[in-house]
Amino acid sequence: MKTGKVDVLLGLQWGDEGKGKVVDVLTPKYDVIARFQGGPNAGHTLEFEGEKYVLRSIPSGIFQGGKVNIIGNGVVLAPDLFMDEAKALEASGHDLHSRLHISKKAHLIMPTHRVLDAAYEAQKGKNKVGTTGKGIGPTYTDKVSRNGLRVGDILENFPEKYAKAKARHEAILKSLNFEYDITEVEKKWLEGVEYLRQFPIVDSEHEINNILKSGKSVLCEGAQGTMLDVDFGSYPFVTSSNTICAGACTGLGIGPNKIGEVFGIMKAYCTRVGAGPFPTELFDETGKLIRDLGHEYGAVTGRERRCGWIDLVALRYSIMVNGVTQLIMMKSDVLDGFDTIKACTAYKVNGVETRDFPYNIEEGIEPVYESLPGWKTDMTQFTSEDQFPKAFKDYIAFLEKELETPIKIISIGPDRDQTIVRK
């Protein structure tokens with residue numbers, strides 16, 4: 001019997017690489033799209049047919065009719081935010097109820113998790129991580145400490161389970177002397193729980209493996225980016241889950257031998273949201289120009305993204321830990337007007353040059369740049385790589401040599417159609 005394949009699509013930088021658009025472009029080739037980690041702190045923006053959508057918890061394959069979309073066990077789900085997102089999609093004509101399956105083992109983000117998020121950040125003062133305040137970290141903390149509330153819990157004795165978990169949080173908040181009022185939020189949250197019951201709540205690990213046994217193909221969709229991985233990112237300024245390829249195995253219940261292609265997504269430059277080290281960050285007019293041209297503002301939070309030149313040291317590291325087989329480069333068009341493009345090829349760590357990503361990038365890091373000529377061409381209307389100017393082709397060849405991985409897809413604009421698949 002022919003076994004289906006699992007391909008993984010994930011970000012290689014600090015998130016916001018454009019995963020949503022790429023999933024939507026790749027979806028026609030797959031039977032099932034599955035989200036394996038993260039929560040509503042990350043938004044995937046998709047634009048097509050003159051409409052713009054921001055997905056937070058729902059897989060980006062939802063726009064392709066007839067595809068099954070799975071929210072896996074590695075995801076943390078906020079019922080109220082999920083309800084808002086799903087109802088907005090339904091209002092725009094997308095039927096979700098038959099095509100969106102939710103894992104029983106996915107953990108629920110409670111209203112008190114958001115309060116705990118705010119309380120913990122306030123306690124850290126100037127050392128705060130810069131979370132989105134969506135309760136992601138406290139939810140994963142409860143998961144690991146075996147105190148979590150899961151989607152499957154809403155099917156039986158839920159009021160008792162919820163009251164117990166809430167009382168535990170209230171005791172913690174009391175000890176922190178943190179004042180809050182969740183009356184209205186909780187009311188909507190409980191409405192969201194009832195709304196959640198309308199969807200197929202499944203043993204997703206069995207479902208996804210049975211799908212593979214039947215010979216069908218699955219695309220796994222990650223949130224955030226590799227440099228925010230809790231183990232391999234710029235700790236402690238990271239998210240609370242494993243954003244790397246291995247997270248697809250633990251977040252969906254599939255064996256590593258089922259993984260086929262690993263699509264690594266990167267921008268032609270680099271961005272970061274919130275606190276944390278960023279070696280190639282630009283604090284000058286160039287950084288501001290990249291932000292404005294790239295519309296670099298958070299899809300969920302609206303926060304300004306910090307911008308800088310592409311960091312090949314970090315990218316080589318990301319490619320290594322993920323086992324990336326092919327690269328997808330986004331937002332190439334943002335650099336269309338620059339005379340010179342820079343790429344960080346190495347770091348000087350306390351004066352010593354290295355091409356390896358170090359344990360700590362918070363202090364003593366100086367990026368070593370190579371300058372390349374810009375292409376000074378508006379590429380947004382191009383339909384083939386044959387139209388690319390020589391300087392851009394040279395930029396691609398330079399990146400492929402440095403990263404030792406082929407760049408197979410190039411995005412030259414936000415729309416689904418502004419995507420060049422290379423020969």
Side-chain angles (χ1 to χ4, degrees), residues 11-18 45 126-130 224-228 233-234 237 265-299 301-318 329-355 357-358 360-380 389 391-392 394-396 398-399 402-403 410-414:
L12 298 181
Q13 295 159 316
W14 277 281
D16 310 309
E17 297 93 350
T45 303
K126 66 177 183 179
N127 295 318
K128 64 182 180 180
V129 174
Q224 290 110 2
T226 298
M227 300 315 298
L228 294 173
S234 51
F237 299 95
I265 308 183
M266 63 184 195
K267 283 177 180 167
Y269 51 96
C270 205
T271 64
R272 177 164 197 165
V273 172
F278 182 1
T280 64
E281 182 172 8
L282 294 168
F283 299 96
D284 57 10
E285 286 303 309
T286 301
K288 185 177 184 300
L289 183 59
I290 291 174
R291 181 187 301 123
D292 291 342
L293 291 172
H295 307 292
E296 294 295 354
Y297 300 91
T301 62
R303 288 190 291 182
E304 282 189 354
R305 294 181 187 141
R306 300 152 62 192
C307 297
W309 296 118
I310 197 165
D311 185 338
L312 302 183
V313 179
L315 276 172
R316 281 192 293 265
Y317 181 74
S318 294
M329 185 162 70
M330 310 299 290
K331 292 201 167 183
S332 308
D333 52 296
V334 173
L335 302 182
D336 279 355
F338 287 81
D339 293 317
T340 302
I341 310 294
K342 290 187 178 182
C344 170
T345 56
Y347 293 160
K348 276 189 179 176
V349 183
N350 297 319
V352 179
E353 191 167 311
T354 179
R355 287 170 61 86
F357 192 76
N360 185 352
I361 60 167
E362 285 193 66
E363 295 175 7
I365 297 285
E366 180 188 341
V368 177
Y369 288 112
E370 186 154 336
S371 295
L372 298 99
W375 39 95
K376 302 285 287 182
T377 307
D378 179 0
M379 299 194 296
T380 56
F392 184 61
D394 290 345
Y395 183 61
I396 296 168
F398 168 78
L399 294 178
E402 282 284 328
L403 300 173
I410 295 175
S411 175
I412 52 171

Least distance between heavy atoms, Gly11 atom then Thr226 atom: O-OG1, 2.8 Å
Measure the shortest side-chain to side-chain distance between Pro358 and Ile365 over non-hydrogen atoms and say whether it is less than 4.5 angstrom. yes
What distance separates Ile410 CD1 from Ile396 CD1, expressed to the nearest 0.5 Å? 3.5 Å
Worked check of side-chain contact (heavy atoms from CB on, under 4.5 Å) between Leu312 and Leu315: CA-CA 5 Å; Leu312 302 183; Leu315 276 172; 4.0 Å; yes
Can you find a heavy atom in the side chain of Glu402 that is under 4.5 Å from one in the side chain of Arg316? yes
So that I can tick it off, tell me whether Lys348 and Glu366 are bridged by a salt bridge, with the cut-off set at under 4.0 angstrom between side-chain N and carboxylate O. no
Run the side-chain contact (heavy atoms from CB on, under 4.5 Å) test on Tyr317 and Asp311 for me, step by step, so that the C-alpha distance in whole Å, both residues' side-chain angles and the decisive distance to 0.1 Å come before the verdict. CA-CA 10 Å; Tyr317 181 74; Asp311 185 338; over 6 Å; no
Determine the minimum heavy-atom distance between Ala268 and Ile310, stating which atoms define it. O-CB, 3.7 Å
What distance separates Lys288 NZ from Glu304 CD, expressed to the nearest 0.5 Å? 8.0 Å
Could you tell me whether the side chain of Lys267 reaches within less than 4.5 Å of the side chain of Glu296, counting heavy atoms only? yes
Just wondering, do Asp394 and Trp375 contact through their side chains at under 4.5 Å, heavy atoms? no
In terms of ring plane angle, is the pair Phe338 and Trp309 parallel, tilted or perpendicular, where the classes change at 30° and 60°? perpendicular
Would you sort out whether Arg306 and Phe283 count as a side-chain contact (heavy atoms from CB on, under 4.5 Å), showing the intermediate values? CA-CA 9 Å; Arg306 300 152 62 192; Phe283 299 96; 5.8 Å; no
Arg272/Glu281 salt bridge by N-O under 4.0 Å criterion: no
Any Phe278 side-chain heavy atom under 4.5 Å of Cys270 side chain: yes
Please find the pair of heavy atoms, one from Phe237 and one from Leu228, that lie closest to each other, and give the distance. O-CD2, 3.8 Å
Looking at Pro389 and Met379, what are the two nearest heavy atoms and their distance? CD-SD, 3.8 Å
Roughly how far, to the nearest 0.5 Å, is CE of Met266 from CE of Met329? 5.5 Å
Could you grab the distance from atom OG1 of Thr345 to atom CZ of Arg355, nearest 0.5 Å is fine? 6.5 Å
Nearest non-hydrogen partners of Tyr347 and Val368, listed with the distance: C-CG2, 4.2 Å
Quick one: does Ile341's side chain get under 4.5 Å of Tyr395's, heavy atoms only? yes
Short side-chain to backbone donor-acceptor contact, Asp333 and Asp336, under 3.5 Å: no
Backbone N/O of Glu370 and side chain of Lys342: donor-acceptor pair under 3.5 Å: no
Any Leu12 side-chain heavy atom under 4.5 Å of Ile265 side chain: no
Run the side-chain contact (heavy atoms from CB on, under 4.5 Å) test on Phe357 and Ser318 for me, step by step, so that the C-alpha distance in whole Å, both residues' side-chain angles and the decisive distance to 0.1 Å come before the verdict. CA-CA 9 Å; Phe357 192 76; Ser318 294; over 6 Å; no
Which atom pair, heavy atoms only, marks the closest approach of Leu293 to Val334? CD1-O, 3.6 Å
Give a yes or no answer on whether the side chain of Arg305 reaches the backbone of Arg291 with a donor-acceptor pair at less than 3.5 Å. no
Distance check, rounded to the nearest 0.5 Å: Leu282 atom CG versus Tyr269 atom OH? 12.0 Å
